[in-house]
Peer 1: 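Before I ask anything, here is the structure I am working with.
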Amino acid sequence: SKKFKVNKERCIGCGTCVQSCPGSTKLGEDMKAIVIDQEKLEQCGGVKVCPFGAIEKVEQKIKD
Ligand code: SF4
């Protein structure tokens, strides 16, 4: 299935996703976003939530 994932190469840790869609992502210790609620992020607009194109929808083989 397809899941949202943060491209850590692209994420600059701006926090826009955390602020505009609370509960969908959080910033990790490396100051890169981590998706914590797939459904919530989808409802907020998914990849459009990140103005830097760091949120991607990718095929995920391993559940995590
Ligand atoms: Fe990273 Fe994009 Fe979230 Fe900013 S909005 S913290 S660049 S994923």
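Order of listing sets the numbers, starting from 1, for every ligand and every atom in it.
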Peer 1: Scan for side chain to side chain donor-acceptor pair (under 3.5 Å) pairs involving residues 27-40, sequence neighbours excluded, and state none if there are none.
Peer 2: Lys8-Asp30
Peer 1: Near atom 4 (Fe) of ligand 1, which protein N/O/S atoms are found at less than 2.8 Å?
Peer 2: Cys14 SG
Peer 1: Report yes if some heavy atom in the side chain of Lys3 is under 4.5 Å from a heavy atom in the side chain of Glu59; otherwise report no.
Peer 2: no
Peer 1: With sequence neighbours excluded, tell me which residues meet side-chain contact (heavy atoms from CB on, under 4.5 Å) with Cys50.
Peer 2: Phe52, Ala54, Ile55
Peer 1: Should we count CD of Glu9 as having more than 12 external heavy atoms under 6.0 Å?
Peer 2: no
Peer 1: Using the test disulfide bond (SG atoms under 2.5 Å apart), find all partners of Cys21 that sit at least two apart in sequence or belong to another chain.
Peer 2: Cys44
Peer 1: In sequence, state the C-alpha distance, the side-chain angles, and the governing distance for Thr25 and Ile34, and then conclude on side-chain contact (heavy atoms from CB on, under 4.5 Å).
Peer 2: CA-CA 5 Å; Thr25 59; Ile34 302 161; over 6 Å; no
